[in-house]
Amino acid sequence: SIIVFPDRLPLEFAGYPLPKNHADPTRMSRLAFQPLFQVCLGGAWKQAQGAARFLTPGTAVRRQHQSPVCSMRCVGRGWAVRPGRSRRTAAAQTCDRSLTSSCSSGSIRDDLTTAGKASRDKANSMVSAEQVEFFQEFGYLAVEDFWTNNEISAIRIQLSKLQEDGKLANVATEGDGITHTKVARNLQLCPLSPEADLFQSLPFAPKVSATLADLLLGNSTEYQDESLMCYLSQVFWKPAKHGLGTSWHQDNEYFQVHDCNHCTAMWTAVHDATRENGALEVIPGAWKKGRLAHVRDGDSDHHLTCRDQVDESKAVTVEVKAGGVVFFNYQTPHCTRGNRTDKPRAGIAYHFLPSSLYRPRQFPLPPDAVWITPVVWDKHGCVYGDEEYGREQGFDSDVERILGHLHTPV
């Protein structure tokens with residue numbers, strides 16, 4: 001049998017034990033050479049030199065004197081691993097010759113494609129085929145328990161720290177769109193990703209990108225081989241008792257991208273979102289009417305609103321527990337209401353789109369804002385941000401670090 005792993009597989013997986021903090025070989029990218037391994041160079045097996053390096057597609061690797069206990073070859077963006085026996089049988093020698101010949105000629109086996117990786121990555125998706133159809137018809141979808149208890153706890157802890165540190169700004173105004181309210185009523189931070197490792201790594205969580213691939217690319221012939229990028233991230237924090245909602249609007253009034261029904265926001269409930277504390281409201285199917293006329297919202301220093309263009313009698317309140325997620329496409333009219341409870345209510349939103357729909361930013365950001373639009377999924381499957389950030393993003397490890405720092409169970 002042949003197994004294909006994403007990106008570059010460490011040689012430790014071919015026979016040496018993996019370090020405890022790297023239990024998942026699909027998350028490792030460095031290739032650490034051991035003396036026991038050889039690399040196929042120029043059609044012959046040669047001893048690997050150097051402590052660490054990357055191998056290019058078509059390079060074959062084997063364990064010295066024990067080939068093919070585990071012979072590997074880098075195929076495109078994946079490693080092909082062919083398990084074998086410790087004794088050199090005729091089949092083993094054939095395997096060696098095949099790998100050596102392939103490496104020498106630079107050919108890539110047709111049956112060792114990255115389709116297997118994409119299929120495995122798709123298994124991380126949190127939505128069913130029926131849910132995909134619902135999203136594509138009505139323009140929104142609520143997914144309960146998207147994040148585990150530990151994950152949403154880490155998100156809440158990190159966001160609360162940003163709020164305590166004064167990173168969130170009050171954008172509520174006294175009805176004139178200019179004069180800020182004396183009491184903070186609508187706190188926001190945009191972009192969110194640069195403010196903490198956890199929020200930078202969050203869109204690279206495999207279940208995020210796999211779910212997005214199902215929702216935005218799954219049933220599309222035009223976009224099925226597209227990559228997906230994270231276009232923006234932000235925080236909405238409603239203080240207790242006097243938190244102000246965000247008026248009706250369509251995200252595409254800010255983004256102004258083409259074919260925006262193939263783009264989506266991913267809104268996470270950091271706290272339980274209820275009618276009382278201002279849960280999201282959407283108008284199902286209204287995205288089909290296209291772009292609505294917007295004007296400046298006098299209750300905010302920058303928001304736009306289409307409140308006069310929507311039929312609120314058709315609105316649906318989307319209540320979700322903390323850790324639940326609501327997806328809605330860029331054309332779906334949505335709003336939130338005020339927070340009348342004695343506890344704050346927060347949500348974080350990430351926005352995604354196919355790379356071919358990217359356009360330079362049409363919306364304002366603070367002068368010192370760091371705006372990066374990393375790819376989170378391509379036709380090979382999950383992508384982990386090493387190209388944009390210089391290292392692979394590890395959401396799981398960021399969660400563990402935050403919770404471990406507390407020294408208390410969650």
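Please read all numbers here as calculations on a predicted model, not as lab measurements.
No side-chain heavy atom of Q131 sits less than 4.5 Å from a side-chain heavy atom of M126. Within the 4.5 Å cutoff, the side chain of L189 has heavy atoms near those of the E195 side chain. For the pair L215/V132, a side-chain contact is recorded, criterion being any heavy-atom separation below 4.5 Å from C-beta on.
For the residue pair L353 and C263, the shortest heavy atom distance occurs at CB-SG, 3.5 Å. Taking each heavy atom of A172 and R185 in turn, the nearest pair found is CB-CB, 3.9 Å.
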Can you give the donor-acceptor pairs under 3.5 Å from side chains of residues 272-280 to other protein atoms, not counting sequence neighbours?
residue : atom : partner : partner atom : Å
D272    : OD1  : A322    : N            : 2.8
T274    : OG1  : E276    : N            : 3.4
T274    : OG1  : E276    : OE1          : 3.4
T274    : OG1  : N277    : N            : 3.3
T274    : OG1  : N277    : OD1          : 3.3
R275    : NH1  : T317    : OG1          : 3.2
N277    : OD1  : T274    : N            : 2.8
N277    : ND2  : D272    : O            : 2.7

Do any side-chain atoms of residues 225-237 form donor-acceptor pairs under 3.5 angstrom with protein atoms, and if so which ones, sequence neighbours left out?
residue : atom : partner : partner atom : Å
E226    : OE1  : S356    : N            : 3.4
E226    : OE2  : S356    : OG           : 2.3
S227    : OG   : S355    : OG           : 2.5
Y231    : OH   : R359    : O            : 2.7
S233    : OG   : L192    : N            : 3.1
S233    : OG   : S193    : N            : 2.9
S233    : OG   : S193    : OG           : 3.0
Q234    : NE2  : H351    : NE2          : 2.9

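Here Q309 pairs with L292, A293, C306 under the side chain to side chain contact (heavy atoms under 4.5 Å, CB included) rule; sequence neighbours left out. Residues passing the side chain to side chain contact (heavy atoms under 4.5 Å, CB included) test with E137, sequence neighbours excluded: K288. Residues forming a side chain to side chain contact (heavy atoms under 4.5 Å, CB included) with D259 (at least two apart in sequence, or on another chain): E222, Y223, N261, H262, L357.
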Legend entry - Worked check of side chain to side chain contact (heavy atoms under 4.5 Å, CB included) between H271 and K343: CA-CA 9 Å; H271 307 97; K343 295 181 180 179; over 6 Å; no
Legend entry - Worked check of side chain to side chain contact (heavy atoms under 4.5 Å, CB included) between F363 and H302: CA-CA 10 Å; F363 49 91; H302 70 284; over 6 Å; no
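Using a cutoff of 4.0 Å between basic side-chain nitrogens and carboxylate oxygens, K122 and D214 are scored as salt-bridged. Of the charged side-chain nitrogens involved, at least one lies within less than 4.0 Å of a carboxylate oxygen, so that R307 and D297 count as a salt-bridged pair. Electrostatic pairing of E253 and R291 counts as a salt bridge here, judged by a charged N lying under 4.0 Å from a carboxylate O.
Each ring pair (Phe, Tyr, Trp, His ring centres under 6.0 Å) pair with one or both residues in residues 122-142, not counting sequence neighbours, appears once here: F134-F138, F134-Y140.
Between the side chains of N329 and T332, at least one donor N or O sits under 3.5 Å from an acceptor N or O. Between the side chains of H380 and D121, no donor-acceptor pair is found at a separation under 3.5 Å.
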